[in-house]
Every structure is written in C-alpha cells, then in structure tokens.
Amino acid sequence: MGISVPLQRRAGSGAPFSHAALVYAVPCVLALLALPFLSFRPNRIVSGEGVQVWDVAEGWGLVGTAALFVLAGATVLAGRQAARALLGFLGVALAMAVAGAGAKDLMADAPQFARVSLGGGFWLSCAFFALAAADALMRLDLRPLVRLAVAGFVAAALAAALASGWFDSLSLMQEYRANADTFAAAFRGHLILVGGSLLPALAIGLPLGWLCHVSSRARAVAVPILNILQTTPSIAMFGLLMIPLAALVAAIPELRRFGIAGIGVTPALIALTLYSLLPVVANTMAGFRAVPVETREAGRAMGMTRWTLLRQVELPLAAPVILTGVRIVVVQNIGLAAVAALIGGGGFGTLVFRGMGQTAMDLVLLGTLPIIAMAIVATILFDAAIDTMQRRRP
Amino acid sequence: MIEVRELTKRFGDRIAVDGISFEVRDGCVLALVGTSGCGKSTTLRMINRLVDPSSGEVMIDGRNALDMPLEQLRLGIGYVIQGIGLFPHWTVARNVATVPRLMGWERERIEARVSELLELFQLDPGEFAGKYPSELSGGQQQRVGVARAIAAEPAVLLMDEPFGALDPITRQRLQAEFAAIQRRRRMTVILVTHDMDEAFKLADTIAVMDEGRILQIASPEELLREPRQGFVRTLVGLDDRALRILSLHTVDEIRREPTGRWEVRGETLIDRESGRAVNGLGAGDTLREAASRIIWEAVETLPVLEAGSVVGEVRADDVWAAGGRRA
C-alpha cells in the first residue's frame, strides 16, 4: 500500500473503464461460475458435495449471484477509484452474507454431525474482490492516517459480522466455538513469538548493522553468517537448536526454572530471532549508507560528536529504511512462527497441525486465517508509520 | 587571526600538502586557488581537522588547533562545502540553529539569531523558516548553508568551493551578497576555489597552490601586476589583466571635484559641452564599469552621481592610469 504509481493513478482517476480492474473481475466471475461456493459434508472429516452459488438458500442464491456479477462488472466500469474500492468491499461483504445464509439454510434440516464448509468459489471471489479494493485504495494514494481509518473500519465491520451469529452455521465457526480457549492461547502464543523475537533481533541487529556499516571487517564476517542462517530451512533450524539447548539444560538444571528447555518457546524464539537478524542488519546498513556523505561531513565539521551525529542526523535519516527491515521481519516471523508449534512453541501453528492431524481442514483454516490477518495488519501499520516518516520531509 | 606553519599532509607516499605557511589577519579573506588535486581542500580540512596533519601547526587566535578538543575547535569554526550538506530532515530554521543548539544557547536567543540571519541572506523568515531543504532552489540552499556556518559567529569561516554548484547568474549574485555581508561583518575567512574570478572578487589575499605548495601569495592587485613565471601566470591570465585590475578599484578612488559642465534638468543630466544627455556613474562602481562606459559613450569625462546630484567626475586618463603598468 505504500507504493504509489503516479502515472496509473492519474490515468485511473477519471477513466470510465479500467483494464486493471478486469484482471480481478474476470477471474472473480469465472470462479463463481466454475467452482462450488459451499460444500456440504455429512460429518467433519469426509469430503463433501459442492453447492454452486446460485443453488444456495432459497431466494439468496439467484439474487446473490446476480448481485455479485453486477458488483464485479461495476468494479470495471466505475469511474472513480474510491467507488472501485467501495464496490470491492461490498463484493466481499455480499459473498460472505450469501455464504452465511446458505450455510444456515443447509444446516436447518441436516443430521447432527453435518458440516458446511466454504468452497473455492467463495474464497476466490472474495480474494479477487478484496484485491480489487486494495488495488483501488493503493491508486488513491491516501494519507497514512486515512488509510489506517479505512483499515480500522474494515476490521470493525468484519468483527461485527463475525459476532452477529450470521456465520455460526459454518464449520469454520463451529471449529472456533469448539476450540475457543485454544484459539485465545494460540493468539497470545503467536504474539509472544513475534514480539519476543523482534526485541532481541532489534537489540542485536541495530548495533550489528551499524557496526557493519562503519567496519568493512565486521561486514565481511557477519553478513555471510547471517546469509547462511537466513537460508536454513525453518524445521532444520528448530531441530538444530533443540540439541544444544537440551544439552545446556542438562548441564545446568537451574535454567529449567526460567522456562528454558530443548523444546518449547525458547528454541522457537531463538530461531525466529536468528531469522530476523539479516533483514534488520541489511536494512540498517542500507539506511546508514543512504545518508549523504556531505550531510555527515557537515555534521562532523560543525562540531557534532559521533554520538550526536548518530542520534540527531544518521538515525533519523536511516529510520525509514530500517523500519522497512523491521516490517519485513515482523511479517516474515508472523508466518514462520506457525512452524514453532512443531516443537511445542505454541502459536496458531498449534491449530494448523492439530487440524492436519485430524484431517479437519476447517481447523487448519482457523489457524491460517488469523496468521494472514496478522500479517496484513502488521503491513498496514508499518507502511503507515514509514509513510508518515517520509511525508514529514517532502 | 589564523597562522599556518609548515603544514604537511602525506597520504602514504604521496605528499598532498607540502609544508605550507600563511596567515590570515582578523576580518580578512584568504583565497586558496589552484587546479583539482593541488592540495587546497586538504589544507582547508586540516584547519578544522577533518584531515589530521602529518606535521606542522595551525594557530587560531594564538591557540594551537591541534591541542584543542576536537568538538570545541569545530564549534568555533564555520564550514561551508560545495555539496551544501544541509540536513534534509530538518527545516531551514533548525539547520541554521545547528551550532547554537550544540553550544546550548537559549531558545529565544537562537530564534532571534535565526531570523536575523535569514533576513541577512534575503530569505523571509516567515516564508522560509519552516521549509525543508528539498523545497529550496540551489541558490537558496547555499544561502542557508552559509547562514548555518556563521550562525554562532565563529572566529573563522572555512569555505570549500561554496558557490561551485550554482549556475553562473546565481553564483554571481551570491558572490556579491557574500561580499556585501563580509564588508559589514568582517569575518575571518579562508576560501577554497578554482575560480580565479571568484578569488579576485572576494579575497584580500590570494594564495596560488600547485602540487601541494603555495607558489605565490599576494594581494589580488600584486598578483595581477607581478605574477610569478609559469603556473601562476597561466592561472591568472595576462590577456585581460588591465580590466581585472580596474575591477579591483572603485570610482570613488580617482574621482575629481566636479567642474561646472554638468547640468541637472529634471530627471536628466546634460553635458553642456556636447549638449548630450549622459548617465552618471555611482561612487561605488568599479573602474572596469567606468572604463566600459567611457568607451561606449566615446567621451573623456563622466559625472559621478550620488542621490541625484553631481558629486564629482571621472576622467578617462585617470582610469587608464589606474589600470596600466606602473612606471
């Protein structure tokens, strides 16, 4: 969202027809036509039977289908990007409403263990409506605060919709109700993994990045090591950390009292921290390198100490680039933290792996969707912060 | 007062600055002139110790610069560079306030000083104080750069190709502005430039450098009248030296009492001998301008005007004598 495309923005603002919007509208319609919107299953585990969008619930199906097609077409024909964004969000809302109503209808006279899951038609049409909205918002090039307001409004609307009970017949919501405690614990665990790895990563990465900026020798040693760390597969990394940590705890049993163990949160936090180092260090170096030589020399010549120069000139000028690195790390770790569940590290991965063990795809989704949501929220927040920082000095 | 004694800088085997000495009296401008790589910038940067001398001494107001704490030394020395080096994340006002803030001035004093300086450099504080460097033209940025350098009234001002990155018209205007400010403020300045005209315009003393040595150090007029053989002569250029000498002097220096031949009729000035209307010279005009006008008007004498009345006259012979070889 932080990227602006001036040429296209200009062309898009008044054009009656958007070729870009076609990219989203056509697959959206094709998905609705070709793929089932919902799937009805006799019980939680077996695969189900598809229901096309026009077949869902009495009355909802045909009207809903027609309305979805009209909305998809309207995103192409809308004259303004703001209208396109609104139509995109309406498309998502309508698809969700149809799905909720359809699920309620299917479950009304179904056997006790029957389940209704969301089908490919629903997911793809929702995704393309959302992409159309996001694309239009990006071209609007809104100010950071306005963007945050839009994001907040969408999040609030989504939360209200989920709380309304409209979707309670969906298997996904049934899984949520059955696993509410685990879900809350997984959310907390995920935040701990991401936050707990970010702090040490910054505490180590920022000074290390600065050191690599000023000393070519430090750079020559540190960067290759961090590169190797970054390319180590995550499962291998978790596994490799278990051995020394288990040995450490065996040697000093006292450590157990601080929650340190060969498996669990500790190795997960260490692994995520190690993965965070390269982006933080690389962006810190890039940020400092981008400070103009003359600016630095002017500061020195004017009598600034090294520390004053760093604090007042170099850090503020490098901050947007460094923050971009932090954003990369946070989004990356939100995804990687899912794997931590494999070694008992907690987080939403717990739900994912439990769902895979039970071949309950909706439980897998219950773990996956919040991870995606967290990544999107983090991206929006960081982009707004970075943008604010850069707009302050045109 | 700056005294530089036997200052030398070696980079490995290469000698960048080779035992040079000079002094700059309070309120004077010294220009270090030479081609790229002659050691003039290195010399300048040894004075505020951006470059550490290999040997030699720099005395500023009797204190050895090499013995002073680095930051304290630099707080007392203004510095202007070609790339300007304004802080892009700070407003114009904050940029100008850099050194006063480092020195811990009070806020009111800083604000007053910033406004004073912006006005001095013809930047309306109301309009420019809150702007960021990227919103300024090159000339405006350079003015802010100079204002920032002299904000805390440093004992010494070092300028490294200060106007080099500007277009010729902006450069000349800023040179004139700086000369006017210098006439009022009498700062002690060392100016590095490769532009001989800039040196003639701004400096009281010019040191011509080549391969790390000073070949000749003299007043502009002396340099024009008696340039050493070789490099100095090439750099100074002898073709138009008479005109250059004339541009070092003003009409005021050779004006005579006015005779009765000038008559003011309303807005115009009439030469009674020829009956033609003439434009008078200003007392502050250079003799170069006077010579040009005399040639153009094909006259022997021009009146000197001050506030609309004739205060003197300038004769062509006197102008030619001022620019010519001395007996």
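We name chains A, B, ... by the order of the sequence lines, and we start the count at 1 in each one. Quick caveat, the model's predicted, so the values are computed rather than measured.
- Residues B:Phe87 and A:Gly299 come closest through the heavy atom pair CZ-CA, 3.7 Å.
- For the atom pair B:Asp160 CG and A:Glu297 CD, the distance stands at 8.0 Å (nearest 0.5 Å).
- When all heavy atoms are compared, the tightest approach of B:His89 to A:Gln312 is NE2-O, 2.7 Å.
- Nearest heavy atom pair, residue B:Gly85 against residue A:Ala298, reads O-CB, 3.4 Å.
- Chain A forms the most heavy-atom pairs under 4.5 Å with one residue out of B:Val99, B:Leu50, B:Leu70, and that residue is B:Leu50.
- Ranked by heavy-atom pairs under 4.5 Å with chain A, the first of B:Lys131, B:Arg49, B:Arg45 is B:Arg45.
- Residue B:Asn48 comes nearest to A:Ala301 through the heavy atom pair ND2-CB, 3.8 Å, listed as atom of the first residue, atom of the second, then distance.
- Counting heavy-atom neighbours within 6.0 Å of B:Glu127 CD, excluding the residue itself, gives a total above 12.
- A heavy-atom distance below 4.5 Å is not found between the side chains of B:Glu71 and A:Met302.
- Taking both residues in full, the closest heavy atoms of B:Pro88 and A:Leu317 are given as CG-CD2, 3.5 Å, listed atom of the first, atom of the second, then distance.
- Interatomic distance, CZ of B:Arg101 versus OG1 of A:Thr308, reported as 11.5 Å (0.5 Å rounding).
- By the 6.0 Å contact criterion, CZ on B:Arg25 is open, its count of non-hydrogen atoms from other residues, nucleotides or ligands being 12 or less.
- Other residues, nucleotides and ligands contribute only 12 or fewer heavy atoms inside 6.0 Å of the CZ atom of A:Arg143.
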